[in-house]
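The next block holds one structure in the form of structure tokens; read it before the comments.
As a basis for the values below, the full set of heavy atoms in this structure was taken, side chains included, without hydrogen atoms, waters or symmetry mates.
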Amino acid sequence: MNALNFAGKRILVTQSNDFMGPALCEVFRELGAELIADPRPLLDPALPAAVIGEAGHVDVLVANLAVPAPSTPVTAVDDAEWSHVFGHMVDPLPRLVRAVLPQMTARRSGKILVIGSASALRGMKRTSTYSAARGAQLAYVQAVGVEVAPHNVHVNAIAQNFVENPTYFPPEVQANPAFQERLKREVPLGRLVTQKEDATFAAYLCSDAAGCFVGQVFPVCGGWVTR
């Protein structure tokens, strides 16, 4: 039996037009899932619960939350930047989880996967706001994961960097010679992780085969971070 057969599974992917959304949707469709792709940024506090309500039965929630990363020196980061980044990537996460967990715990079955960033695992200059927001996501996943595991609900995260995606590594960035040199210098793999590789791993973590992971954070970054 194919462990990555999602026939009959309802998969909700948030912010489906951004970050890893398109690749995730493509892979889940290929694997037979009944896909619910919601493209809206979830800045409105009421929207996460509305998205879950509109989706109805959700077997798997893929919390794909992203915003272009500011590159502001730490002393120049103002409250508006901090609120903007946290409002898009951190605040929606507990709202989504609060809305979807009751049905999952009632069924004693469910997966929640957060598509996060390895910037939370390794210091990078001029990324204090973005890295802090991604770090908050990962800390939340670890705490919630151990809390809900007894209900047979699995909450985990991918912490990625140097993965092909339209938000952070669009074609014009990839074609830049300076970026190509940085890739050779910083990434042991020597190339970007492909969208298909990353999305397929995400699908595995959302599958019935991945029932033993609890609050785990998995770096997917070509060796840029090995933790």
Fill in: ring-ring contact (aromatic ring centres under 6.0 Å, His included), paired with Y168, selected from F179, Y130, F162
Y130
Discussion item. Between H84 (side chain only) and A80 (backbone N and O only), is there a donor and an acceptor less than 3.5 Å apart?
Written reply: no
Worksheet item: Any sub-3.5 Å donor-acceptor pair from R227's side-chain atoms to P219's backbone N or O?
Response: no
Worksheet item: Are side-chain heavy atoms of M20 and V163 found at a separation under 4.5 Å?
Response: yes
Fill in: same_hphob_cluster(L205, L4) at 4.5 Å side-chain heavy-atom cutoff
yes
Discussion item. Check whether Q137 reaches the backbone of M89 with its side chain - one donor and one acceptor, N or O, closer than 3.5 Å.
Written reply: yes
Discussion item. For the backbone of A66 and the side chain of Q15, can you confirm whether one donor and one acceptor N or O come within less than 3.5 Å of each other?
Written reply: yes
Practice prompt. Mind telling me whether F28 and F6 have parallel, tilted or perpendicular rings, with 30° and 60° as the class edges?
Written response: perpendicular
Discussion item. I need the minimum non-hydrogen distance between P48 and P45, along with the two atoms involved.
Written reply: CD-O, 3.5 Å
Worksheet item: With clusters built from Ile, Leu, Val, Met, Phe, Trp and Tyr whose side-chain heavy atoms come within less than 4.5 Å, directly or transitively, what are the remaining members of the cluster of V100, listed by chain and number?
Response: L12, I36, L42, L47, V51, I52, V58, L61, L65, L93, L96, V97, L101, M104, I112, V114, Y140, V141, V144, V148, V153, V155
Worksheet item: Which heavy atom of A210 sits nearest a heavy atom of K111, and at what distance?
Response: O-NZ, 2.6 Å
Worksheet entry | Heavy-atom side-chain proximity of T127 to S71 below 4.5 angstrom | no
Worksheet item: Are the side chain of D198 and the backbone N or O of K196 linked by a donor-acceptor pair below 3.5 Å?
Response: no
Worksheet item: Sub-3.5 Å donor-acceptor pair from the side chain of Q160 to the main-chain atoms of G116, do we have one?
Response: no
Worksheet item: Just checking, is any N or O donor in the side chain of H57 or D59 under 3.5 Å from an acceptor N or O on the other one?
Response: yes
Worksheet item: Distance-only, no hydrogens or angles: does the N156 side chain make a donor-acceptor pair with backbone N or O of F213 under 3.5 Å?
Response: yes
Worksheet item: When you check the gap from the basic side-chain N to the acidic O, do E186 and R191 get nearer than 4.0 Å?
Response: no
Item to complete: Identify the two heavy atoms, one from A132 and one from W82, that lie closest to each other, and give their separation to 0.1 Å.
Response: CB-CH2, 3.6 Å
Fill in: Nearest atoms (heavy-atom pairs only) where G21 meets N64
N-ND2, 3.4 Å
Worksheet item: Do the rings of Y204 and F201 sit parallel, tilted or perpendicular, given the 30° and 60° boundaries?
Response: parallel
Discussion item. Is the shortest side-chain heavy-atom distance between C206 and V62 below 4.5 Å?
Written reply: yes
Fill in: Salt bridge K9-D208, side-chain N to carboxylate O under 4.0 Å
yes
Discussion item. Closer than 3.5 angstrom, by distance alone: can the side chain of T105 be matched with the main-chain N or O of R108 as a donor-acceptor pair?
Written reply: no
Worksheet item: Under a 4.0 Å N-O cut-off, is there an ion pair linking E54 with R40?
Response: yes
Worksheet, complete the sentence: Closest heavy-atom pair, A7 versus N5, reported as atoms and distance to 0.1 Å, is N-OD1, 2.9 Å
Worksheet entry | Nearest atoms (heavy-atom pairs only) where A37 meets C25 | CB-SG, 3.8 Å
Worksheet item: Do K184 and E181 pass the salt bridge (charged side-chain N to carboxylate O under 4.0 Å, His left out) test, and can you show the C-alpha distance, the side-chain angles, and the key distance before you say yes or no?
Response: CA-CA 5 Å; K184 294 175 186 176; E181 287 302 313; 3.8 Å; yes
Worksheet item: Can you find a side-chain donor-acceptor pair between T129 and E81 that sits under 3.5 Å?
Response: yes
